[in-house]
Novice: 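Handing you a structure now.
Each chain gets a letter, A, B and so on, in the order its sequence line appears, and its residues count up from 1.
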Amino acid sequence: MNKTITRFAPSPTGYLHIGGARTALFNWLFARKMKGRFILRVEDTDQARSTPEMTRAIIDSMNWLGLDHDDGPFFQSQRKNLYLSYILRLVQKGNAYYCGCTPDEVEAMRQEARQRGQKPKYSGKCRDLGLEPGPETVVRIKAPLDGQVVFNDLVKGHISFENQELDDFVLQRKDGTPTYNLAVVVDDAEMGITHILRGDDHVNNTPRQLHIYQALEITPPLFGHVPMILGPDKKKLSKRHGALSVMAYKQMGFLPEAMLNCLVRLGWSYKDEEIFSREDLIRKFSLENLGSSACVFDMKKLTWLNSHYIKEGSVPRLAKILMDHLHSEHISPKEMYLEKIIPLLQPRAGTIKEMAEMAMFFLVEDHKLDYDQEAVQKFLTPETKRLLSEIASRLEKLDSFDQEALEQDLGEYIRNKEIKFKVIAQPLRVAITGKTASPGLFETMEVLGRERVVNRLKLMSS
RNA sequence: GUCCCCAUCGUCUAGUGGCCCAGGACGCCGGCCUCUCACGCCGGAAACGGGGGUUCAAACCCCCCUGGGGACGCCA
């Protein structure tokens with residue numbers, strides 16, 4: 001059995017978005033599962049739209065997700081001679097020919113075919129003219145005129161096309177550059193790719209690519225077309241249609257493991273399980289469990305997964321990630337201090353961004369604390385201010401300022417006053433955090449420390 | 001228009017002829033816990049698109065319809 005080799009072949013004309021990331025993930029997973037190789041190939045034959053920045057961004061995204069490649073990145077723009085040699089070979093074998101039709105003429109042919117109720121296609125006018133190469137000629141494949149192309153899709157099963165539906169498509173442009181279908185076939189063949197997992201939108205390219213393989217007399221790889229990820233409106237997700245870059249999710253405070261977990265469940269499942277670590281996935285992934293119908297990406301589920309991984313995450317790591325988010329808000333706390341705050345926020349935050357917001361009251365100076373005015377109105381009455389003032393004095397004299405001591409002391413206080421804890425809880429919380437919702441009071445106070453707690457109480461009780 | 005593909009709760013899905021008057025998860029609703037908000041726990045509403053077959057038996061197999069998606073470039 002030959003070694004499994006998969007590839008991810010993005011075109012650097014845009015960011016890596018969810019659809020692409022999932023395709024990359026599936027290919028990566030399959031390679032890892034089969035102990036094969038995963039190749040990264042940049043399909044930048046469209047010089048006008050491809051940019052090095054996008055290549056960089058795509059690789060950054062893959063690094064963030066931890067989808068490491070074993071070979072590459074290879075750039076199609078640097079392999080032009082290779083493609084040209086294949087094209088020449090095709091022409092010499094009589095499987096391709098030079099065509100002098102202008103784009104306008106071809107367009108007219110397409111219109112005509114459409115009017116006859118057929119699929120728009122090139123008529124094959126130059127097919128047997130034996131034209132020579134020239135500045136205005138392209139190279140077209142000499143595709144079979146009848147019969148059908150059949151392949152067994154790894155996820156969809158048997159798929160077939162009538163050859164009459166296909167036409168003699170272009171292999172080499174007028175400017176001498178190879179087209180997508182040609183370059184893909186040459187590269188997949190040259191790189192020994194065994195399995196191609198790609199988006200559903202490529203099924204229509206498959207018969208064309210099969211024609212090239214056939215003309216070249218090369219055994220094609222296996223194809224598997226994974227269903228599209230649709231937007232909430234069920235339309236194809238694309239750069240200009242609601243698809244955010246993977247890095248945008250990073251900025252929103254999602255963890256890569258949550259991202260991966262969410263992505264893999266779009267079109268793949270394993271029994272009733274929902275949570276998969278990277279190791280789980282490599283162990284459990286299989287092509288058989290890939291689904292075949294399109295799906296919709298759900299942000300709510302991503303957020304749930306993210307909150308799950310936040311709860312499970314190691315505090316030092318979360319601290320580093322949180323720090324990055326705070327830096328972009330121009331706040332630079334001590335990492336040690338963040339590590340004390342994080343455990344209080346872990347069960348509460350859906351994203352790291354949210355965690356950053358929730359951590360704010362721990363990080364700003366007392367006089368800069370942002371108070372919820374409505375809460376202040378409601379809970380900081382003359383009555384409760386008196387209580388807070390008394391509490392401030394008591395806390396100043398407390399021997400130790402940990403949760404246990406605080407709970408004990410305040411317990412003693414309410415017993416003496418013969419009031420319920422509820423009476424002072426919200427006023428305390430508002431005075432200390434500025435809000436009506438926060439982690440537990442005692443733990444919050446301990447982490448905040450005596451000085452700031454007392455200070456805030458005094459500030460708000462006068 | 002033509003071709004290809006798809007079709008289970010709002011969403012992601014399990015289900016490969018009897019275990020399914022359909023299971024799990026997110027979300028939603030209700031309750032418990034409780035110093036607030038969460039977490040957690042318990043409970044609830046919620047789906048096999050329609051019609052024909054095949055079969056003793058169909059969500060599962062076949063056909064038709066409908067609906068949805070994708071593709072029809074000298075883009076990838």
Novice: Spell out yes or no: do the side chain of A:Asp272 and the base of B:G23 have one donor N/O and one acceptor N/O closer than 3.5 Å?
Specialist: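 Pair found.
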Novice: In the structure shown, which nucleotide is the Watson-Crick or G-U wobble counterpart of B:C56, with both distances under 3.5 Å?
Specialist: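 For B:C56, the partner nucleotide comes out as B:G18, under the 3.5 Å rule.
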Novice: Please confirm whether any donor atom in the side chain of A:Lys119 sits under 3.5 Å from an acceptor in the base of B:A71, or the reverse.
Specialist: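 Donor-acceptor pair under 3.5 Å: no.
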Novice: Could you tell me which nucleotide pairs with B:A76 by Watson-Crick or G-U wobble geometry, both distances under 3.5 Å, or answer none if nothing does?
Specialist: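 Answer to the pairing question: none, since B:A76 forms no Watson-Crick or G-U pair.
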Novice: OP1 or OP2 of B:G73 versus the side-chain N and O atoms of A:Arg110: is any pair under 4.0 Å?
Specialist: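 Checking B:G73 against A:Arg110, a side-chain N or O does come within under 4.0 Å of OP1 or OP2.
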Novice: When you measure from the side chain of A:Lys156, which nucleotide among B:C5, B:G70, B:C3 comes out closest?
Specialist: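 Nearest listed nucleotide: B:C5.
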Novice: B:G73 P sits how many Å from A:Leu171 CG, rounded?
Specialist: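 It works out to 15 Å between those atoms.
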Novice: Among the nucleotides B:C37, B:U13, B:C35, which one has an atom lying closest to any side-chain atom of A:Ala437?
Specialist: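 Side chain of A:Ala437 sits closest to B:C37.
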Novice: Report the glycosidic orientation of B:C39: syn if within 90° of 0, anti in every other case.
Specialist: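 Judged by the O4'-C1' to base torsion, B:C39 sits in syn, the angle falling within 90° of 0.
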Novice: Write out all pairs satisfying salt bridge (Lys or Arg N to Asp or Glu O under 4.0 Å) with one or both partners inside residues 289-308 of chain A, taking only residues at least two apart or from two chains.
Specialist: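 Salt bridge (Lys or Arg N to Asp or Glu O under 4.0 Å) check on residues 289-308 of chain A returns A:Glu274-A:Lys301.
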Novice: Return the nucleotide paired to B:U34: Watson-Crick means purine N1 to pyrimidine N3 with N6-O4 or O6-N4, wobble means G-U with N1-O2 and O6-N3, both under 3.5 Å.
Specialist: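 Base-paired to nothing in any strand shown.
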Novice: Checking only heavy atoms, does the side chain of A:Arg348 share a donor-acceptor pair with the base of B:C39 at less than 3.5 Å?
Specialist: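 Between B:C39 and A:Arg348, which were checked side chain against base, a qualifying N/O pair under 3.5 Å is absent.
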Novice: Scan every strand shown for a Watson-Crick or G-U wobble partner of B:U2, both distances under 3.5 Å, and answer none if you come up empty.
Specialist: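 The base-pairing partner of B:U2, which may sit in any strand shown, is B:A71.
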Novice: Would you indicate, yes or no, if B:A14 has its OP1 or OP2 atom less than 4.0 angstrom from a side-chain nitrogen or oxygen of A:Ser269?
Specialist: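 Yes.
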Novice: Is it the case that B:G24 (base atoms only) and A:Glu273 (side chain only) share a donor and an acceptor within less than 3.5 Å, ignoring hydrogens and angles?
Specialist: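 No pair found.
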Novice: Looking at the base of B:U2, is there any donor atom on it, or on the side chain of A:Arg114, that sits under 3.5 Å from an acceptor on the other one?
Specialist: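 Donor-acceptor pair under 3.5 Å: no.
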Novice: Does a side-chain N-to-carboxylate-O contact under 4.0 Å join A:Lys284 and A:Glu273?
Specialist: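 Judged by the 4.0 Å cut-off on N to carboxylate O distance, A:Lys284 and A:Glu273 do form a salt bridge.
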Novice: Hey, is the side chain of A:Arg140 poking within less than 4.0 Å of OP1 or OP2 on B:G73, counting only N and O atoms?
Specialist: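 Checking A:Arg140 against B:G73: no side-chain N or O falls below 4.0 Å of OP1 or OP2.
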Novice: Respond yes when some side-chain nitrogen or oxygen of A:Thr45 is under 4.0 Å from OP1 or OP2 of B:A76, and no when none is.
Specialist: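 Looking at the OP1 and OP2 atoms of B:A76, one of them is under 4.0 Å from a side-chain N or O of A:Thr45.
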Novice: Please state whether the phosphate of B:U36, meaning OP1 or OP2, lies under 4.0 angstrom from any side-chain nitrogen or oxygen of A:Lys422.
Specialist: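 Checking B:U36 against A:Lys422, a side-chain N or O does come within under 4.0 Å of OP1 or OP2.
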Novice: At less than 3.5 Å, do the side-chain atoms of A:Asn181 and the base atoms of B:A76 form a donor-acceptor pair?
Specialist: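 It does not, because no donor-acceptor pair links the side chain of A:Asn181 to the base of B:A76 below 3.5 Å.
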